Amino acid sequence: MRRLLAAIPVLIVASFLSYALVALSGDPLEPLKLRNPPAPQRTIDLETERLGLDDNIVVRYGHWLGGVLHGDFGESVQSTYDIGANLTRATTVTLRLVVVAILLALVLAVLTGVVGAVRQYSKSDYALTFTGFVFLAMPLFWVAIVLKDLAVRYNKATGTTVFFTIGETSQGYSGMSPGAKLADVAGHLVLPTLALALITYAAWSRYQRSAVLEVLNSDYVRLARAKGLPWRKVLTRHVLRTALIPLVTVTALDVAGILGGAVITETVFNWNGLGRMLLTGVARADTDAVASWLLLAGLVVIVCNLIADALYAVLDPRIRHE
Amino acid sequence: MTIRRLTVIATATLLALTACSGSESDGNDELLGFASCSGSPFDCNKGETKTGGTLVYYEEQDRTTWNTVSSDGGHYVTSVMMRPLLPTVYYGGPDYKPLLNQDLMAEEPKLASTSPQTVVYKLKPEAVWSDGTPITADDFAYQFRTRNTRDCPDCASSSNAGYDLIQDVKGADSGKTVTVTFQAGKVYPDWKGLFGDIYPAHLAKQNGDDGTPAGLAKSWEWFGKTQPTWSGGPFRIESYAEAQELVEVPNPKWWGAKPALDKIVFKVVTDQSSFVPALQNSEINAGDPQPNLDMVTQVQNLPDVNYRISGGLSWEHIDLNLENKFLKDKALREAIFRAINVQGIIDRTVGTFWKDAKPLQNHNFVPESPHYKDVVSATGAGAGDVEKAKQVLTAAGYTGVGTALKTPAGEPVTLRMRHTEGNVNRAATSELVQASLKQLGIPLAIQTTANLSDTTSKGDYDLIVFAWVQTPYFFSGAQQTWGKNSESNYGHWVNEKADAVLLQAIQEGLDEAKGAARLNEADALMAQDYYVLPLFQRPNFMVAQNAYVNIRPNATSTGPTYNTQEWGLKATAN
């Protein structure tokens with residue numbers, strides 16, 4: 001609770017700075033002002049008033065923050081755009097991508113990390129290390145484009161449409177049978193999830209490998225083996241559990257980065273999630289929408305750090321006892 | 001299974017997938033559909049259709065409003081998506097000229113009088129909204145009242161051009177004859193641009209319009225915020241998912257030829273690089289994306305696809321600020337414009353993927369217009385003739401020509417050029433201008449702007465590169481952009497003679513050819529003043545799978561959806 005309270009002033013300062021930066025980055029009425037034939041001055045005045053552009057940044061920020069506390073996320077540059085509703089909808093879309101990608105990346109990282117550590121300097125270790133470094137070095141958008149290309153080639157070669165390259169679902173999704181819906185969601189989910197997971201797992205597997213190696217060389221593992229405990233039991237109960245602690249820390253810290261990755265992934269795969277919401281907001285110089293987005297991202301990072309704290313306690317009894 | 005075996009299988013799969021690449025046809029066969037579009041803009045890709053099918057159309061943005069003529073409107077994508085619903089008197093046609101909507105109008109509107117200007121429209125008796133209510137003069141009057149800014153000051157309209165000059169709109173013959181009378185002494189030669197995107201007045205009445213300004217504003221806002229269940233065109237909206245897709249199906253009350261397609265889906269795809277894979281994967285079937293070198297190259301290599309790059313109505317130009325103390329001197333302006341190589345700029349920008357791109361030589365018309373006339377070449381502007389430019393400066397008494405230019409009074413000449421932040425083509429243009437001016441001995445600083453409207457309206461530049469968008473209704477645009485008292489004349493060019501000719505052009509504009517000739521006269525005077533250097537038209541890129549016919553490029557703000565009722569799958573398609 002103390003940490004949660006401490007995060008509030010951080011959030012306020014961060015949200016003000018981001019609000020001010022977006023507000024100063026461009027004129028949201030520029031497209032209206034540059035229109036040919038020109039928009040009537042009365043129209044420009046009405047829009048200026050609606051968006052509060054005549055007020056200074058502090059007043060505008062105050063109005064926005066007051067609104068947020070009452071569940072109103074402010075006025076979008078596009079008058080028909082409901083920021084709050086879009087934030088909720090986009091969050092659910094992005095969560096689907098991020099949660100599945102994190103889970104997949106964790107499984108891959110733990111598996112490859114453990115195999116690499118247990119078979120240190122073997123051919124499989126070298127192969128996994130090489131693969132990890134390849135994904136570590138590749139930019140996310142490139143992985144996404146390569147996956148798309150392979151998927152299109154697969155579809156063409158087989159004459160099917162197993163993989164989809166744009167969107168979260170197909171047109172006519174609502175009228176599909178439950179089975180078809182599941183296949184459709186999976187067909188849309190597999191490529192973006194894989195792209196995000198591959199880039200994410202690469203770094204994590206290196207942490208996991210180091211952590212497992214460190215634990216494997218510790219005295220208590222040597223003692224456990226000397227006492228005749230089965231190797232599998234030593235590995236799962238004594239090594240892996242301890243070696244997961246650094247990965248939990250890294251995962252919590254990386255959530256902000258993964259959200260950033262989700263922005264790119266969503267853009268390339270045309271998902272209508274938080275990524276597109278941010279990019280559209282920035283393109284429109286839509287201050288209230290971008291500030292609301294950044295506030296939510298800040299909250300997510302704080303919550304993830306709290307979850308990591310809770311997981312430490314689960315994994316490490318010493319923390320639990322303290 | 002060992003890791004080695006898994007690796008072998010994975011590698012083999014990857015190699016197999018890579019080997020299954022699309023066939024590498026040379027693309028020439030695929031040009032056939034749009035190949036004749038420059039000569040026959042209404043007949044290219046024409047063919048018999050079969051009933052049924054869906055066409056997924058690519059859009060780079062979502063619609064911004066349901067009211068295309070509100071402050072959120074005036075937006076190309078919104079207009080393209082809403083076009084199949086909205087009755088319009090004239091479209092912008094594929095030949096860049098006004099195109100009469102023959103489904104709505106019983107005959108070509110008549111200019112019944114020139115003083116006061118009076119236009120009579122005859123609507124088809126069978127034209128109705130999707131609830132069966134006839135489309136009548138009331139709908140025209142609603143458009144007039146909401147957009148003239150007098151009857152409804154709070155109806156934030158995207159433009160009041162022309163509507164502010166109308167005296168009244170009256171109906172006869174059960175509303176099927178509409179008479180529009182302009183104010184005495186006022187002339188509006190662009191009258192064909194009026195009454196585009198007509199909204200149903202009877203629904204306005206049900207949703208706020210009680211004849212008061214507040215009621216009008218309420219109904220106007222209602223149209224902006226409420227997804228239409230109504231239609232006055234060949235299609236109606238079936239469903240909409242924000243920022244994802246808009247699905248349209250045939251309007252059962254449509255009185256014209258029955259649409260061939262069962263469904264048109266406007267799919268919002270914000271990432272340009274997704275266009276080609278989605279087209280390959282048949283997740284989209286057609287679109288008119290902003291082209292770039294990668295995209296054009298990839299599309300050229302796709303089988304079964306028609307594509308065409310043509311000149312659009314948006315054009316790039318370099319403007320000088322005549323308030324700048326150096327640029328007040330015509331000799332310096334002439335030298336600058338003569339030194340700039342427009343073809344060189346094209347070669348570095350749009351010319352990389354559009355081989356037909358040429359320097360634009362007029363400020364009001366594009367080469368596709370019958371009124372286009374080269375008024376720039378004769379002035380030497382844009383020729384990249386540095387030696388001639390140096391001669392002009394030397395003759396005018398400048399020193400340090402080619403090294404460090406000084407005015408005849410001995411002051412060193414320094415200038416600053418601005419362009420929009422993040423615009424690669426404009427950045428390249430600025431760099432090329434910088435290199436040209438360096439040869440004259442002029443140091444040119446390049447500065448970006450994140451707020452183009454602010455920069456231009458405040459005149460915070462010496463040179464600037466940006467774009468204007470033309471329409472088939474050119475008179476008021478010319479007056480607005482070049483008139484000496486206009487707020488859009490950002491560089492403050494004043495030429496009394498040209499201004500008089502511009503006004504004359506408006507007065508004589510009801511005779512289009514005569515008015516256009518006057519505009520060219522005024523334009524030649526501007527070119528001789530070396531104020532604005534036209535560069536090139538921005539390209540329009542139309543792509544469609546060749547299984548679809550009757551879909552064709554339209555570079556005007558109307559876009560390709562002017563004839564959705566004709567779109568369809570080729571009768572012989574699988």
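Every chain is numbered from 1, with letters handed out A, B, ... down the list of sequences. What you see is a predicted model, and the numbers here were worked out from it, not measured in a lab.
For chain B, no part of A:Asp45 is nearby; none of its heavy atoms comes within less than 4.5 Å. Only the backbone of A:Phe163 comes within contact range of chain B, with at least one heavy atom under 4.5 Å from a heavy atom of that chain. Only the side chain of B:Val265 comes within contact range of chain A, with at least one heavy atom under 4.5 Å from a heavy atom of that chain. At a 4.5 Å heavy-atom cutoff, the contact between B:Ser70 and chain A is made by backbone atoms alone. For B:Ser159, the parts lying near chain A are the backbone and the side chain together; criterion is any non-hydrogen pair under 4.5 Å. Neither the backbone nor the side chain of B:Tyr58 comes within contact range of chain A, judged by heavy atoms closer than 4.5 Å. With a threshold of 4.5 angstrom between heavy atoms, A:Asp27 approaches chain B through its backbone and through its side chain. Heavy atoms of B:Val268 lying under 4.5 Å from chain A belong to its backbone as well as its side chain.
At distances below 3.5 Å, at least one donor-acceptor pair connects side-chain atoms of B:Glu283 with backbone N or O atoms of A:Thr165. Using a distance-only test at 3.5 Å, with no hydrogens or angles considered, no donor-acceptor pair links the side chain of B:Ser273 to the main chain of A:Val268. A donor-acceptor pair is defined here as one N or O able to donate and one able to accept, closer than 3.5 Å; such a pair exists between the side chain of A:Lys156 and the backbone of B:Gln280. B:Asp72 places a side-chain N or O within donor-acceptor distance of the main-chain N or O of A:Ser79, the cut-off being under 3.5 Å. Judged purely by atom type and a 3.5 angstrom limit, A:Thr43 uses its side chain to pair as donor or acceptor with the backbone of B:Ser157. Of the possible donor and acceptor atoms, one in the side chain of A:Asn270 sits under 3.5 Å from a partner among the backbone N and O of B:Thr270.
Contact count versus chain B (heavy atoms, under 4.5 Å) is highest, among A:Arg276, A:Arg89, A:Lys148, A:Glu47, for A:Arg276. Per-residue heavy-atom pair counts under 4.5 Å with chain A were compared for B:Gly162, B:Ser274, B:Ala161, B:Ser239, and the maximum is reached by B:Ser274. Ranked by non-hydrogen atom pairs under 4.5 Å with chain B, the options A:Ser170, A:Pro40, A:Gly167, A:Ala285 are led by A:Pro40. Ranked by heavy-atom pairs under 4.5 Å with chain A, the list B:Lys225, B:Glu245, B:Gln272 is led by B:Glu245. The greatest number of non-hydrogen atom pairs below 4.5 Å with chain A, out of B:Ala278, B:Ala241, B:Pro153, is found for B:Pro153.
By the 6.0 Å contact criterion, CD on A:Glu49 is open, its count of non-hydrogen atoms from other residues, nucleotides or ligands being 12 or less.
Rounded to the nearest 0.5 Å, atoms CD (B:Gln244) and CH2 (A:Trp271) are 10.5 Å apart. Taken to the nearest 0.5 Å, the OG atom of B:Ser71 stands 10.0 Å off from the CD atom of A:Gln78. Rounding to the nearest 0.5 Å gives a distance of 12.0 Å between NE2 of B:His75 and CG of A:Leu32. The OG1 atom of B:Thr449 sits 7.0 Å away from atom CD of A:Glu30, with the distance rounded to the nearest 0.5 Å. Atom OG1 of residue B:Thr64 and atom OH of residue A:Tyr81 lie 13.0 Å apart, to the nearest 0.5 angstrom. Taken from OG1 in A:Thr80 to CD in B:Gln227, the straight-line distance is 11.5 Å, to the nearest 0.5 Å.
Ion pairing between a basic and an acidic side chain is recognised when a charged N comes within 4.0 Å of a carboxylate O; B:Asp454 and A:Lys33 show no such pairing.
A:Gln171 is listed as a side-chain neighbour of B:Val247, based on a closest heavy-atom distance under 4.5 Å. By the 4.5 Å heavy-atom criterion applied to side chains, A:Leu46 and B:Asp154 are counted as neighbours.
For B:Pro277 against A:Val152, the heavy-atom pair with the smallest separation is O-CG2, 3.9 Å.
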